[in-house]
Amino acid sequence: MHLLLVEDDERLARALTRLLEEDRHIVEHAPDGRTGLELASALDGLDVVILDLGLPDMSGLDVARRLRTDGIDVAILMLTARDTVSDRVTGLDAGADDYVVKPFAYAEVAARLRALGRRAEPGPRRSEPRLSAGAITLDEASRRVTVHGRNVDLSPREFSLLEALLRHAGQALSRDQLLDHAWPFSVAVTPNAVDAYVHYLRTKLGEAGAQIETVRGIGYRLSDG
Ligand code: CA
């Protein structure tokens with residue numbers, strides 16, 4: 001997808017851009033609202049604007065409203081530091097299609113982008129928001145995980161971790177790669193956190209937990225069962 005990231009936090013913008021580009025998106029970056037608006041109207045074929053709510057020159061809400069009044073019909077994914085119902089409603093009223101609450105992990109942004117992409121796809125052959133390997137199935141849209149059809153209750157971090165493993169099933173992922181995908185940006189964690197969460201995840205998945213294999217000296221790999 002062709003993306004425009006409007007975000008003034010340089011470190012977050014750099015980290016997010018790197019991961020999005022690794023997922024083969026084309027990413028343009030604007031450090032403030034005015035530049036964001038200019039780029040959004042100048043760029044052809046933009047799929048999604050990832051829009052920070054707190055920008056130095058104007059609010060992300062104003063940027064979203066301006067895009068809509070200017071008739072720019074691009075999907076908007078809002079990045080917000082607040083998570084109250086009224087903020088969400090205001091964001092959606094201003095023209096945003098979806099939102100992610102800070103601090104967020106890359107996996108959450110990636111999932112929202114895929115959902116926005118599916119919405120834009122015409123016709124009945126939409127891609128499935130469902131990932132599975134062996135006995136494990138993860139539904140991105142409903143955020144439900146099942147093992148042999150039985151519901152498993154996961155924390156958001158466990159969910160993102162499992163999602164990263166499922167998305168790369170059969171591949172060894174390093175602890176750093178798992179941190180990149182499943183942990184919030186700018187939160188200080190050590191790779192040991194990955195080991196702890198893999199342990200929780202294996203326990204909650206029951207017998208299917210054995211599908212998460214330890215790859216010595218590297219990290220973890222999810223097998224097909
Ligand atoms: Ca900001």
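Keep in mind that this is a model prediction, so the values were computed, not measured. Just so you know, ligand 1 is whichever comes first in the structure, and atom 1 is the first atom listed for that ligand.
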Counting backbone and side-chain atoms alike, is an N, O or S atom of [X] positioned under 3.0 Å from the Ca ion (ligand 1)?
X	value
Gly54	yes
Asp52	yes
Asp8	yes

Arg68 side, atom CZ; Arg66 side, atom CZ - distance, nearest 0.5 Å: 14.0 Å
Any donor-acceptor pair under 3.5 Å linking the side-chain atoms of Arg202 with those of Thr214? yes
Without hydrogens or angle criteria, can the side chains of Asp32 and Thr35 be said to hold a donor-acceptor pair below 3.5 Å? yes
Taking Asp98 for its side chain and Leu77 for its backbone only, find out whether a donor-acceptor pair lies under 3.5 Å. no
